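Take a look at the structure set out below.
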Amino acid sequence: MAQLTTEPMTVKTPAGDLEGDLVMPPPARAVVLFAHGSGSSRRSPRNRAVAEALQNSGFGTLLLDMLTPDEARFDARTQELRFDIELLANRLVPAIDQLAEWDATRGMPVGLFGASTGAAAALKAAGRRPQRVSAVVSRGGRPDLGGDGLDQVQSPTLLIVGGNDREVLNLNRQAASLLTALPLTDVKIEIVQHAGHLFEEHGALEKVSELAGSWFCKHLGAGTERPTGPDGGHFKPPEPRRRPPKM
């Protein structure tokens with residue numbers, strides 16, 4: 001595949017500007033916004049590895065710093081903001097909105113990929129933008145930290161957990177039980193056998209990328225033959241079939 005160009009982007013928020021890296025392989029049909037985990041940034045090597053795999057499958061990606069530079073310095077000393085899920089979700093929402101405004105991504109379906117605490121923020125943000133977020137993937141995530149925000153989630157959600165990450169696996173199973181009680185199109189847990197929380201084992205991150213790519217392809221519509229995105233076409237994912245809420 002040809003070398004892709006990374007375009008620096010700035011997301012405007014009430015707290016300040018957030019720096020992001022946008023990559024749009026031609027012709028991208030959808031874009032995935034990454035929400036990194038505790039103490040990380042848009043330079044997370046694991047998220048960048050997954051992003052590269054998604055780019056090779058025809059998805060655009062936006063890796064975003066979820067803290068301003070001043071906040072990042074404060075968090076490096078105190079480790080407080082990385083666990084503020086409400087704050088992190090409030091950073092993702094304007095990023096989702098601005099993806100609808102930028103020329104390169106206007107009109108494209110949006111997916112969210114969250115790792116660790118970023119997964120909880122991604123789910124809360126998806127609940128606040130149900131008409132914009134078409135799918136969510138969590139890698140080693142803590143969806144339980146989403147709290148009451150899980151009640152608002154409508155996006156199809158894939159929870160990827162390492163088989164050796166037993167505590168987080170149990171927390172994901174509990175969150176999945178709540179999510180499946182909602183009128184979602186799909187909720188699924190995928191267990192990567194013999195993998196720990198960081199998916200550092202041989203082949204583990206490649207499996208995460210494969211699972212995420214398949215989920216986004218199914219729910220964002222990337223990989224179809226329809227002309228889409230900035231080349232002038234228009235793509236609308238298939239209308240989801242909603243489960244009726246449990247009484």
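A quick note: this is a predicted structure, and the numbers were derived from the prediction, not measured.
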List the atom of [X], the atom of [Y], and the distance in Å for their closest heavy-atom pair.
X: A89; Y: K124; answer: CB-CB, 3.8 Å
X: L18; Y: L64; answer: CB-CD1, 3.9 Å
X: A28; Y: G60; answer: CB-N, 3.9 Å
X: S138; Y: N172; answer: OG-OD1, 4.4 Å
X: L112; Y: A125; answer: CD1-CB, 4.4 Å
X: P109; Y: R29; answer: CD-O, 3.3 Å

Drop me the distance from [X]'s [atom1] to [Y]'s [atom2], to the nearest 0.5 angstrom.
X: F113; Y: L54; atom1: CZ; atom2: CG; answer: 7.5 Å
X: F216; Y: S57; atom1: CZ; atom2: OG; answer: 11.5 Å
X: L169; Y: I189; atom1: CG; atom2: CD1; answer: 6.5 Å
X: D144; Y: L150; atom1: CG; atom2: CG; answer: 8.5 Å
X: L62; Y: T105; atom1: CG; atom2: OG1; answer: 8.0 Å
X: L87; Y: E80; atom1: CG; atom2: CD; answer: 11.5 Å

Is there a path from [X] to [Y] through hydrophobic residues (I, L, V, M, F, W, Y) whose side chains come within less than 4.5 Å of each other?
X: V161; Y: V192; value: no
X: V168; Y: L158; value: no
X: L211; Y: F59; value: yes
X: F199; Y: L159; value: no
X: I160; Y: I191; value: no

Query raised in the report: Passes salt bridge (Lys or Arg N to Asp or Glu O under 4.0 Å), D97 versus R132? Steps please.
Result: CA-CA 8 Å; D97 293 342; R132 289 286 299 133; 5.6 Å; no
What I'd like to find out is whether the side chain of [X] reaches to under 4.5 Å of the side chain of [Y], using heavy atoms alone.
X: L220; Y: V32; value: yes
X: H197; Y: S116; value: yes
X: P26; Y: L4; value: yes
X: V208; Y: V50; value: yes
X: R139; Y: L205; value: yes
X: L63; Y: L33; value: no
X: D151; Y: L178; value: yes

Requested in this report: Tell me, with the steps shown, if I85 and T117 meet side-chain contact (heavy atoms from CB on, under 4.5 Å).
Outcome: CA-CA 7 Å; I85 305 303; T117 53; 4.0 Å; yes
Requested in this report: Step through the shown structure and confirm whether more than 12 heavy atoms of other residues, nucleotides or ligands are within 6.0 Å of CD on E52.
Outcome: no
Requested in this report: Determine whether more than 12 heavy atoms belonging to other residues, nucleotides or ligands lie under 6.0 Å from atom CD of E101.
Outcome: yes
**Report entry** side-chain contact (heavy atoms from CB on, under 4.5 Å) between E200 and R46, intermediate numbers included
**Finding:** CA-CA 9 Å; E200 296 175 309; R46 284 177 287 276; 4.1 Å; yes
Query - Derivation and outcome, salt bridge (Lys or Arg N to Asp or Glu O under 4.0 Å), residues D21 and R43 - result: CA-CA 9 Å; D21 293 332; R43 296 183 175 86; 5.9 Å; no
Ignoring hydrogens and angles, tell me if any N or O in the side chain of [X] forms a donor-acceptor pair with the backbone of [Y] under 3.5 Å.
X: Q98; Y: K12; result: yes
X: T68; Y: D17; result: no
X: T157; Y: S155; result: yes

Requested in this report: Just do the side-chain contact (heavy atoms from CB on, under 4.5 Å) check on L81 and F74 with the steps written out, would you?
Outcome: CA-CA 8 Å; L81 300 182; F74 173 80; 3.9 Å; yes
Query raised in the report: What's in the same ILVMFWY side-chain cluster as L198, cut-off under 4.5 Å, chained through other members?
Result: none
Query raised in the report: What residues join V93 in its hydrophobic cluster, counting side-chain heavy atom gaps under 4.5 Å, either direct or through other members?
Result: none
**Report entry** N-O pairing of R91 and D65 below 4.0 Å
**Finding:** no
Query raised in the report: Does R128 have any side chain to side chain donor-acceptor pair (under 3.5 Å) partners at least two apart in sequence or in another chain, and if so, which?
Result: E86, N90
Query raised in the report: Would you say the side chains of N47 and R42 form a donor-acceptor pair under 3.5 Å?
Result: no
Requested in this report: Would you sort out whether M24 and M108 count as a side-chain contact (heavy atoms from CB on, under 4.5 Å), showing the intermediate values?
Outcome: CA-CA 11 Å; M24 298 300 295; M108 289 187 178; 3.6 Å; yes
Query raised in the report: Where do R73 and E71 land on the salt bridge (Lys or Arg N to Asp or Glu O under 4.0 Å) test, with the steps shown first?
Result: CA-CA 5 Å; R73 287 188 286 270; E71 289 172 338; over 6 Å; no
